[in-house]
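First the structure, in the form of structure tokens, and then the observations on it.
In each ligand, atom 1 is the first atom listed, and ligand 1 is the first ligand listed.
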Amino acid sequence: MSKADGTDWTGPVGFITPDFIVKCAPDIAERRVHLCGPPAMMDAVKYALAQLKVPPDQIKTEDFAPPKGGPVPADEPEEPTPASAVAAAPTGAGAAAVSAPSAQATVEFSTSGKSGTLAPDQSVLEAAEAIGVVIDFECRVGTCGRCKVPLSKGSVTMEVEDALTAEEKAGGTILACQAKSPGNLVVAA
Ligand code: FES
């Protein structure tokens with residue numbers, strides 16, 4: 001953990017250094033390493049592993065894309081085609097129709113009582129962050145499920161929705177880090 005202040009974390013604090021790796025796994029050079037995390041952390045740990053003479057073919061990596069606005073790897077498309085679409089689950093007589101697309105969509109966060117604009121290429125998570133609405137997140141690429149929120153009104157597309165079960169999708173749960181929409185939304189956050 002690099003920022004443990006204010007948490008109940010009692011383990012090691014700081015970045016992953018060669019000394020720390022050797023302390024945890026003295027035989028690291030004979031181990032297979034599974035490496036996953038933010039790009040800067042991945043680079044630092046790869047460098048540390050090289051210093052520790054871990055053969056590159058023993059290092060398995062999983063790359064996550066950076067948050068919007070960060071560098072995009074040259075071999076990855078910047079705007080992939082959305083793979084699926086999810087609409088808010090009907091909620092009875094009060095169920096709202098899906099909003100028509102508009103140039104200046106809005107997203108209302110009903111729990112926090114705040115509203116903001118939602119650009120077509122902006123995720124619900126990014127729109128929330130822009131106006132100070134807190135939605136927990138971790139991977140930002142649709143796999144951890146930390147950013148699940150209920151969609152009350154509207155419909156969204158999600159490029160990746162691995163973290164959602166069929167029941168959650170049917171019930172209108174979305175991944176805020178992936179959800180985008182050209183139309184107005186209401187999200188319970
Ligand atoms: S932050 Fe991990 S799925 Fe959205």
Side-chain angles (χ1 to χ4, degrees), residues 1-9 11 15-16 33-45 60-73 75-89 98-99 105-112 114-189:
M1 172 96 68
S2 58
K3 293 177 184 171
D5 289 350
T7 75
D8 57 3
W9 174 254
F15 294 122
I16 299 172
V33 178
H34 291 257
L35 185 55
C36 175
M41 171 266 192
M42 299 266 284
D43 289 344
V45 175
K60 311 299 179 191
T61 61
E62 181 176 25
D63 292 310
F64 281 171
K68 189 81 177 172
V72 176
D75 58 350
E76 287 186 16
E78 196 161 355
E79 293 294 341
T81 304
S84 62
V86 169
V98 172
S99 304
T106 62
V107 53
E108 176 188 336
F109 296 98
S110 55
T111 305
S112 55
K114 293 183 178 180
S115 296
T117 57
L118 180 67
D121 64 344
Q122 190 178 30
S123 71
V124 168
L125 178 58
E126 290 165 345
E129 291 171 335
I131 57 172
V133 173
V134 176
I135 296 178
D136 287 343
F137 68 88
E138 202 166 310
C139 69
R140 298 184 82 105
V141 292
T143 58
C144 76
R146 187 77 182 270
C147 66
K148 288 177 190 175
V149 287
L151 177 65
S152 307
K153 194 182 295 183
S155 67
V156 302
T157 58
M158 290 180 283
E159 182 191 338
V160 179
E161 51 184 16
D162 296 352
L164 292 176
T165 65
E167 291 74 25
E168 286 172 328
K169 290 176 200 172
T173 299
I174 61 171
L175 299 174
C177 73
Q178 295 295 296
K180 296 178 181 177
S181 175
N184 298 339
L185 302 176
V186 178
V187 175

As an exercise, state the distance from [atom1] of [X] to [atom2] of [Y], rounded to the nearest 0.5 Å.
X    : Y    : atom1 : atom2 : answer
S152 : L185 : OG    : CG    : 10.0 Å
T143 : L164 : OG1   : CG    : 11.0 Å
I131 : F109 : CD1   : CZ    : 5.0 Å

Shortest non-hydrogen pair, V160 vs L175, comes out as O-CD1, 3.7 Å
How close do A176 and V149 get, heavy atom to heavy atom, and via which atoms?
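Nearest heavy atoms, A176 then V149: CB-CG2, 4.1 Å.
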Under-2.8 Å neighbours of atom 2 (Fe) of ligand 1, protein N/O/S atoms only
2
Under the rule for side chain to side chain donor-acceptor pair (under 3.5 Å), what residues qualify as partners of E129, not counting sequence neighbours?
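By the side chain to side chain donor-acceptor pair (under 3.5 Å) rule, E129 matches R140.
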